[in-house]
Each structure stands twice: as C-alpha cells, then as structure tokens.
Participant: 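What follows is a single structure, and I will ask about it in a moment.
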There are 4 protein chains.
Amino acid sequence: MHETRKEQVIEAAIHLFRTKGYHATSVQDIADAVGLRKGSLYHYITSKEELLFDIIHETIQVYIRRLEAIAARPEPAAQRLARAITAHIEAVAQETEGFAIFIGETRALEPGPRRRIEEASQRYRHLLQQLIEEAAQEGAFRPTDSTLASLAILGACNWMHRWYDPQGRLRPQEIAQQFTEIFFHGLVHPPAGPAPAGRAPVVGTVPAEGRRPPSPNHPPHSEEPWPPGP
Amino acid sequence: MHETRKEQVIEAAIHLFRTKGYHATSVQDIADAVGLRKGSLYHYITSKEELLFDIIHETIQVYIRRLEAIAARPEPAAQRLARAITAHIEAVAQETEGFAIFIGETRALEPGPRRRIEEASQRYRHLLQQLIEEAAQEGAFRPTDSTLASLAILGACNWMHRWYDPQGRLRPQEIAQQFTEIFFHGLVHPPAGPAPAGRAPVVGTVPAEGRRPPSPNHPPHSEEPWPPGP
Amino acid sequence: MHETRKEQVIEAAIHLFRTKGYHATSVQDIADAVGLRKGSLYHYITSKEELLFDIIHETIQVYIRRLEAIAARPEPAAQRLARAITAHIEAVAQETEGFAIFIGETRALEPGPRRRIEEASQRYRHLLQQLIEEAAQEGAFRPTDSTLASLAILGACNWMHRWYDPQGRLRPQEIAQQFTEIFFHGLVHPPAGPAPAGRAPVVGTVPAEGRRPPSPNHPPHSEEPWPPGP
Amino acid sequence: MHETRKEQVIEAAIHLFRTKGYHATSVQDIADAVGLRKGSLYHYITSKEELLFDIIHETIQVYIRRLEAIAARPEPAAQRLARAITAHIEAVAQETEGFAIFIGETRALEPGPRRRIEEASQRYRHLLQQLIEEAAQEGAFRPTDSTLASLAILGACNWMHRWYDPQGRLRPQEIAQQFTEIFFHGLVHPPAGPAPAGRAPVVGTVPAEGRRPPSPNHPPHSEEPWPPGP
DNA sequence: AATGAATGAGGTTTCATTCAT
DNA sequence: TATGAATGAAACCTCATTCAT
C-alpha cells in the first residue's frame with residue numbers, strides 16, 4: 001500500500017517523461033513532483049539517463065516475457081498471434097505512459113544502453129514474425145511477407161499509445177477484438193455464399209461482457225482533438 | 001540545381017532533428033552542418049522552434065492536400081482508400097525524415113503552434129475515416145468501427161518511418177500493395193472454393209514491375225538491428 | 001553583522017546598476033562582484049530583470065510608506081510638506097544608489113512590472129500635490145498650479161541623486177533646509193519693512209548643529225566635474 | 001524641405017533612443033525606421049555610439065550657446081536668470097527627445113566622449129550659478145548657497161523631460177512663468193500689506209496671450225499615469 | 001535521508017560591425 | 001548608394017551533477 005520513495009520517483013518520472021518528453025523534463029521537475037529537493041533525488045537515482053533506461057528496460061522486458069509465454073503455448077500459431085495482439089493492446093492500455101516512453105524516448109539513450117533496448121525491440125518483433133510464419137505453415141494464413149505483416153501489426157498496435165484514452169468509448173478488449181478482426185480478415189465485406197462458414201472465429205478475444213454504454217470516446221472537457229492522426 | 005542557403009539549413013535541420021531529435025540537436029550542430037557560424041544561422045531562421053514548426057507544417061500540409069485530392073476522386077471509396085494508403089506509404093518512403101519529425105517532435109512545439117499541427121493531423125485521420133465509412137455504405141466494406149479502422153491503418157503506415165530503408169529489399173509500391181492487401185483482406189487464407197473470385201482486386205496499386213531481386217532488406221554496414229520493433 | 005548571500009547579490013547589483021546602468025551590467029559582472037560563477041547566481045535570483053524590479057519596488061515602496069506617514073500627521077499641510085521634502089532628501093542621501101536606479105532604470109522593465117512602478121511613482125507625486133493644495137486651502141500657500149509645483153519640487157529633489165556626494169560639503173539636513181527655504185520663500189530678497197515678521201519659519205528642518213566646516217564638496221581624487229548639470 | 005538621409009537617421013535614432021533607451025535600441029531598429037538595411041546605415045554613421053555622441057553633443061552645445069548669449073545680456077542678473085529658466089523650459093518643450101537622451105544616456109558613452117559631455121554640463125550649471133551669485137551681489141537675491149540653488153533650478157527644469165506633454169494643459173511659457181515665480185518668490189503666501197508692491201515682476205516670460213482653454217493636461221487615449229513622479 | 005550551495009558546460013539568441021558585390 | 005551575408009563576441013539562462021553539512 002505504501003510505496004517506496006524510489007517507486008514514487010519512477011512513477012513521477014514516467015508521468016513527466018511521457019507528458020513533456022525526456023529532454024524537456026528536468027531533474028528539478030521530478031524532484032518537485034515527489035516533494036524532494038533536487039539534491040535529495042540523487043539518493044534514489046544515479047542519473048537522469050539511467051532512470052530513463054530503467055523505465056524503458058523494465059517496460060520492454062515485461063512485453064518480451066509476456067510474448068514469449070504466449071508463443072510457447074500449445075495452440076495453433078494463429079491463435080497465439082491473436083493472443084499476442086490482445087495482450088499487447090491490453091498492456092498498452094494498462095500502462096500507456098511507460099510504453100509511450102519506450103516508443104518515444106529510446107533515442108535519448110546513449111549508444112550502449114540504446115542498443116540493448118533496440119535489440120530487445122527487435123527480438124519482440126521477430127517473435128511476432130515467427131508466429132505469422134508458423135500460421136502460414138499451418139495453413140491458417142496465406143503466404144505473405146511475414147516481416148511486413150509483423151510491422152503492420154506492430155505499427156497499428158503501438159500507435160495506440162497516441163490515442164488510447166482510458167475514459168474513452170472502447171475497452172481494450174474491444175479494441176483488441178476489432179484489430180484482430182481487421183488483421184485476420186480485413187475490412188472487405190466477405191463474399192456472399194458459404195464464405196462466412198469458412199471464416200475461423202477470432203480467438204484470443206474475450207466476450208465483450210461489461211461493455212459500457214456507447215459514450216463519446218473523448219474525455220469530457222478536454223480541448224484537444226481526438227483521436228490524433230496521422 | 002544549386003540550392004539556397006535557406007534550403008540547406010532546412011535540410012540539415014531535418015536530418016539532424018530526425019537523427020538526434022529536436023532537443024538533442026543544438027543550433028550549433030545545424031550551423032556546423034551547413035558550414036556557418038552559429039550567429040550567421042539567424043539570417044535564415046527566426047528561431048529553432050520556428051524552424052521545427054516550418055518543417056512539420058510543410059509536411060502535414062502536403063499530406064493533407066494530397067489526401068484531399070484523392071478523396072475527391074470520382075471512384076469507389078474503397079479504391080480511394082487504397083490510393084490513400086499507397087500515397088501515404090510512398091510519401092513516407094520518399095521523405096522519411098520530415099515525416100519522422102512530424103510524428104516524433106510535434107510535442108516539442110509550444111502550445112499554440114502545436115495545436116495547429118494537431119488539428120491538421122486530426123483532419124487527416126478524419127478524411128481516412130470518412131473513406132472507410134463511405135466504403136462501408138457502398139457495401140464494399142463490412143460494418144466496422146471506422147475510427148478504430150482508421151487508427152489501425154494510420155498506425156501501421158506511420159510506423160513505417162521507423163523501419164523503412166530506401167536501400168532495403170522492398171520498394172514502396174510493394175509495401176503499399178501488401179499493406180493494402182492486409183487491410184482489405186486480412187492475413188487469413190481465404191476459404192477454399194470460389195472465394196478468390198469474389199475477392200475484389202486491390203485497386204490503387206501498380207503492377208510490380210521493376211521489382212528488384214530479393215536482397216537483404218537491411219542496409220549494408222549498418223550495425224543497428226533491423227527492422228526495429230515494437 | 002554577516003550578510004546573506006542574497007543581500008550581497010542585491011547590493012552588488014545595486015552598485016553596478018547604478019554605476020554602469022542596468023543594460024551595461026552583465027550577470028557575469030554581478031557574479032564576479034560577489035565571487036560566484038554566473039550559474040550559481042541563479043540560486044539567489046530568478047532573472048536579471050526581476051532583480052531590477054525588486055530593487056526598484058523596494059525603493060519606491062519605502063518612499064511611499066514614509067510619505068504616507070508624514071501626510072497623515074496632525075500638522076499644518078505646509079509643515080508636512082516641509083517634512084516630506086526633508087525626508088525625501090535624507091532618503092536620497094542615505095541610499096542614493098537604489099534611488100538612482102529607480103529613477104533611471106524603471107524604463108528597462110517589461111511593461112507589466114513597469115506599470116506597477118509607474119503607478120506607485122504617480123501616487124507619490126500625487127501625495128505631494130495634495131499637501132500643496134491643502135497648504136493653499138489653509139492659507140499658507142498662495143494659489144498655484146499644484147501639479148506644476150509638485151513637479152518642480154520633485155524634480156529638484158530627485159535630481160539630487162545625480163550630484164549628491166556623501167563626502168561633500170553639505171549634510172542632507174542642510175540641503176533639505178535650503179531647498180525648503182527656496183521652495184517656500186524663493187530666492188528673491190524679501191522686501192524691506194515688516195516682511196521678515198510675516199515670514200513663517202520653515203518647519204520640519206532641524207537646527208544645523210553638527211554642521212561641518214566648509215570643505216570642498218567634491219570628493220577628493222575624483223576626476224569628474226562636479227556637480228554635474230544640467 | 002527635403003531632409004537628407006543623415007538627418008533622417010539622426011531623427012529616427014533620437015526618437016528610438018528616447019523611447020526605448022540607447023542600449024535597448026538596435027541598429028536594426030534604426031535601419032527599419034528609415035527604411036534602410038542594417039548594412040546601408042553605415043554609410044551615414046560610423047558607429048552607434050558616435051551617433052549617440054553626436055545627438056548629445058549637439059543638444060548640450062545648443063543649450064550652452066543659448067545660455068551664454070543670455071548671460072551676456074546687459075540686464076540685471078535676476079532678469080537674465082529668469083530668461084535662462086524660460087529659455088531652458090522652452091527648449092526642453094520644443095525638443096524633448098534629444099534632451100531626454102542627453103539626460104539619460106550620457107552614461108552610455110565611453111569615458112572619453114562622456115567626459116566631454118560632462119564638462120559641458122558642468123559649464124552649463126556653472127553659468128546658472130554665476131547668475132545667481134550676481135543677482136545676490138546686485139541685491140536682488142538674498143544670500144544663498146548658489147551651488148545648491150543652481151542644482152534646485154536645474155533639477156526642476158530638467159525633470160520636465162519626464163512629464164512634459166505637448167498636448168497637455170500648459171504651454172511652455174506658462175510653465176516657465178510658474179517655475180520662475182516659484183523659484184523667485186516661493187510658494188508661501190506673501191504677507192499682507194504692501195508686500196506685493198515690493199515684489200519684482202518676473203521677467204523673461206511673455207504675456208500669456210494665446211493661452212489655450214484649460215483642458216486636461218493628459219493626452220487623450222493615453223493609458224499611462226501622468227504626470228509621473230517622483 | 002535530506003539539503004542547499006556551487007559548479008561548469010552548454011543552451012538559444014542578439015547584435016554591432018565589416019565587406020564583397 | 002545599397003545590400004545581404006557573415007562574423008564573433010557576448011548576452012541571459014538552464015541544468016545535471018557533486019558534495020559538505
């Protein structure tokens with residue numbers, strides 16, 4: 001229940017880095033946010049950059065571990081991919097800020113730490129790509145450029161950190177369901193006839209119980225355009 | 001053929017902002033890049049931030065104008081959407097750096113200019129959304145959450161600025177073709193039988209003549225993992 | 001007895017602003033004067049301009065409070081005016097530098113703070129004007145343009161910051177006495193006859209005990225002409 | 001009737017130096033004001049500081065020559081002093097800006113030129129002081145500290161550059177008349193009886209024909225407090 | 001654990017002046 | 001005469017970090 005100072009610091013930093021950006025956030029800002037003086041902060045961190053690294057590293061590690069677990073499941077690859085998409089979306093929804101920092105501020109790291117993060121990112125994408133290839137081998141997917149497919153999926157899902165609003169109209173599960181539907185079956189109306197029968201039900205999405213009444217997706221009283229794009 | 005100093009400055013800034021980030025790029029860096037002293041740079045720019053704004057504004061304006069032109073074409077909406085995706089991808093491919101700055105550095109702007117950009121971005125996404133809705137009304141697309149669909153498409157296409165490599169294996173047209181295929185028909189193998197006949201040919205993509213021989217997509221001599229992800 | 005750093009900074013700034021002028025004084029100059037590095041100075045000030053504002057504001061506030069106290073005394077207005085003149089002169093004599101900055105550098109302030117100072121100045125002058133009007137109503141002064149009279153008195157007294165020399169021949173009290181005499185009775189020899197009897201003794205000036213022997217008013221070793229004028 | 005470029009430059013500089021101050025006025029500002037580019041300005045000036053010097057020097061020289069002419073007149077000293085006060089006030093009224101620069105910006109000059117100006121100033125004041133002494137010797141003035149008296153008069157008259165408004169309620173002649181009255185006879189009501197008869201009429205002021213109807217002294221539409229003080 | 005003082009490097013921007021064209 | 005490019009010095013200010021208390 002009661003958080004350590006170190007955790008407070010990290011949370012404050014996450015919020016500030018997300019909101020203002022790493023470079024635009026000063027150590028003073030962080031100190032202010034946790035009610036410490038600038039000097040005292042250095043009891044809890046070694047440097048601003050290491051704080052950034054820790055945040056990003058923690059984030060990507062969690063994503064990778066989760067994806068590895070999913071990839072190891074004894075299920076058809078297509079189903080595992082659906083699970084992966086859902087997990088990714090739910091994770092971004094649950095911890096948008098850290099993920100946004102990972103996406104946006106990795107570049108601020110020094111070459112060394114930066115490479116470590118980039119390798120992890122690369123590994124993450126590669127796991128996705130492998131799922132796609134497996135699904136194709138299993139006959140569930142048509143042959144595609146699996147690299148490109150993984151990049152399309154990742155792009156769509158990662159982009160979410162720019163528009164997801166927890167107060168918004170859609171729950172993460174619904175988003176996941178729809179994204180999976182799009183990536184699996186596309187937007188085009190299936191041809192008439194027996195086609196629907198052939199369509200595999202989308203797996204990995206949970207029945208949409210608890211669906212909230214349709215409400216404006218945009219948080220009330222906000223004055224910013226939503227959702228942003230491109 | 002000989003470039004103005006102003007243009008040199010802008011190009012240098014684009015390259016640096018893209019590579020190091022806006023905040024990490026000093027005016028000194030830009031001056032060095034064009035062979036001027038720091039002070040001399042101010043003959044060509046009003047401020048570092050205005051330079052950033054100009055770059056971003058120019059970029060988004062071009063995107064918007066292009067999309068408006070496409071949206072106004074006398075064609076089925078699905079076809080116009082395919083054209084839009086292709087145009088977007090080709091534009092990102094052709095001018096990756098400016099687009100990356102637009103995506104990554106808009107936040108560095110002051111509230112006023114920033115809002116102008118964000119409104120334009122929002123408008124761009126909305127145009128896409130409208131195409132999707134029209135395509136659904138025309139019966140080409142199944143009913144979907146058009147907002148979500150537009151965000152999926154945009155996310156996938158925008159993400160491209162993080163991985164596209166002009167020396168890479170795939171030409172923009174091929175990327176566009178495959179992305180369109182995914183967003184229109186999904187990854188799943190079409191059911192056996194007459195289904196393929198029912199599949200609308202993807203419009204807006206050009207026959208893949210000029211396809212280069214398969215070659216490593218990753219630029220030679222680079223030491224960074226590729227493609228990055230997520 | 002030992003002064004805070006903040007006080008040292010303010011005093012150094014007062015001296016430098018007075019001597020070289022606000023614009024010609026660099027933050028470096030102030031830092032040098034107190035033995036700090038430029039950056040360290042910003043522990044004690046928010047900005048150079050705010051430092052200027054604080055100096056000026058403090059000065060004018062003290063003047064206003066003092067004048068208000070005098071104006072509220074239960075005495076004939078003429079006597080209160082004499083006190084006001086004396087107090088003003090003694091204050092300028094005691095803290096010439098701050099007053100000189102107030103007079104000469106208010107213009108360097110941004111419009112907002114500047115207006116605050118100018119309103120206070122205006123209020124100060126208005127208090128003087130009211131004393132003159134009251135003295136006229138009480139029959140002590142002949143009817144005059146009280147605005148003009150207040151400006152004449154203020155001009156003469158304010159000008160003092162340009163020529164007053166604490167090492168000089170005259171003590172502030174003597175200056176005050178003579179100025180009051182001039183403003184009350186003028187330079188012209190009173191007409192012969194009963195006139196002296198009719199002349200009200202100047203109040204608010206103290207008997208000139210402690211008058212120093214006549215000595216050169218000009219500080220020794222100075223190479224500047226003295227007193228300056230106009 | 002058609003002004004040389006050089007004159008235009010000087011006038012623009014006078015106006016700007018007065019309004020914004022010497023240091024706050026850039027060469028660019030001056031160039032803008034005369035419709036030239038910064039570089040072109042240097043065909044007409046040698047340096048910004050010399051421009052300042054020329055303005056100040058010209059001003060003080062005119063004042064000195066005028067005062068010398070007045071001091072040489074075959075009249076009683078008191079009358080010459082009255083003329084001097086009137087001339088000073090009318091000059092300030094007619095060319096407030098240059099005079100304000102002389103008063104406020106002499107300090108911005110380098111030591112050499114600065115000393116020249118200060119010596120001239122000193123000479124000016126000394127001429128006034130001599131008139132006062134002569135008037136005392138002639139029996140018109142009571143014995144006073146002539147230095148102090150000259151400083152009082154100068155202060156009051158010089159201060160005028162801070163409050164004089166050509167659109168204001170009072171004409172320069174009226175101001176001069178009232179100031180002379182104050183300095184000659186003071187503010188105090190003359191004793192009853194034959195006293196007024198003994199009062200020498202103030203000389204050097206012109207009959208107040210052409211006096212404008214009493215109107216607010218403050219320029220219309222101005223939002224600044226007036227007159228300023230102290 | 002907490003602080004406040006201090007630092008030094010670096011940030012963006014301004015500006016008077018020169019000079020080739 | 002006029003210009004636009006260029007300069008170099010200096011301006012104010014920020015900030016991550018260290019350290020004695």
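Chain A is the first sequence line, chain B the second, and so forth, proteins listed ahead of strands; every chain is numbered from 1. The basis for the numbers below is simple: all heavy atoms, side chains too, and nothing from hydrogens, waters or symmetry mates.
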Participant: For side chain to side chain contact (heavy atoms under 4.5 Å, CB included), just list the numbers for A:Glu95 and A:Glu97, CA-CA rounded to whole Å, side-chain angles, deciding distance to a tenth of an Å, and then say yes or no.
Facilitator: CA-CA 6 Å; A:Glu95 222 278 275; A:Glu97 299 203 311; 4.1 Å; yes

Participant: For F:dT21, give its Watson-Crick or G-U wobble partner with both distances under 3.5 Å, or none.
Facilitator: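 Its partner is E:dA2.
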
Participant: Given side chain to side chain contact (heavy atoms under 4.5 Å, CB included), test D:Thr59 with D:Ile101 step by step and report yes or no.
Facilitator: CA-CA 9 Å; D:Thr59 300; D:Ile101 294 166; over 6 Å; no

Participant: Please test A:Arg107 against B:Glu105 for salt bridge (Lys or Arg N to Asp or Glu O under 4.0 Å), starting from the C-alpha separation and ending with a verdict.
Facilitator: CA-CA 12 Å; A:Arg107 190 179 43 179; B:Glu105 305 291 1; 2.8 Å; yes

Participant: Residues of residues 14-23 of chain A with any non-hydrogen atom less than 4.0 angstrom from an atom of DNA chain F: list those, numerically ordered, please.
Facilitator: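 Close to the strand, none.
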
Participant: Report the distance from atom CG of C:Asp29 to atom C1' of F:dA11, rounded to the nearest whole Å.
Facilitator: 11 Å

Participant: Whole Å only: how far is the CG atom of A:Asp32 from the P atom of E:dG4?
Facilitator: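 These atoms are roughly 12 Å apart.
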
Participant: Rounded to the nearest angstrom, tell me the gap between atom NZ in D:Lys6 and atom C1' in F:dT1.
Facilitator: 15 Å

Participant: State the pairing partner of F:dG8; accept Watson-Crick or G-U wobble contacts with both distances under 3.5 Å, and report none otherwise.
Facilitator: E:dC15

Participant: If we ignore hydrogens and angles and just use 3.5 Å, is the side chain of B:Thr25 paired with the main-chain N or O of B:Leu16 as donor and acceptor?
Facilitator: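 Yes; judged by distance alone, with no hydrogens or angles, the pair exists.
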
Participant: Taking the six-membered ring of C:Phe53, is the NZ or CZ of C:Lys48 close enough (under 6.0 Å from the centre) and on axis enough (within 45°)?
Facilitator: no

Participant: Which nucleotide, E:dT14, F:dC13, F:dT17, lies nearest any side-chain atom of B:Tyr42?
Facilitator: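 In terms of side-chain proximity for B:Tyr42, the closest of E:dT14, F:dC13, F:dT17 is E:dT14.
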
Participant: Rounded to whole angstrom units, what separation is found between the CD atom of D:Glu49 and the C1' atom of E:dT17?
Facilitator: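 To the nearest whole Å, that distance equals 14 Å.
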
Participant: Could you encode protein contacts along nucleotides 4-10 of chain F as a string, one character per nucleotide from 5' to 3', using B for base contact, S for sugar-phosphate-only contact and - for no contact, with a heavy-atom cut-off of under 4.0 Å?
Facilitator: BBBBB-B

Participant: From CD of A:Gln28 over to P of F:dC15, roughly how many Å is that when rounded to an integer?
Facilitator: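 For the pair A:Gln28 CD and F:dC15 P, the rounded distance is 9 Å.
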
Participant: Relative to each other, are the rings of D:His161 and D:Phe99 parallel, tilted or perpendicular (30° and 60° limits)?
Facilitator: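 Taking D:Phe99 first and then D:His161, their aromatic rings stand perpendicular (interplane angle over 60°).
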
Participant: Taking C-beta and beyond as the side chain, do D:Val34 and D:Tyr44 meet within less than 4.5 Å on heavy atoms?
Facilitator: no

Participant: At 4.0 Å (heavy atoms only), tell me whether D:Thr46 reaches a base, stays on the sugar-phosphate, or touches nothing.
Facilitator: nothing

Participant: Please say whether more than 12 non-hydrogen atoms of neighbouring residues, nucleotides or ligands are located less than 6.0 Å from NE2 in A:His15.
Facilitator: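 For A:His15, atom NE2 is not crowded (no more than 12 foreign heavy atoms under 6.0 Å).
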
Participant: Before accepting this row, confirm whether a basic side-chain N of the pair D:Arg114/D:Glu118 lies closer than 4.0 Å to the acidic partner's carboxylate O.
Facilitator: yes

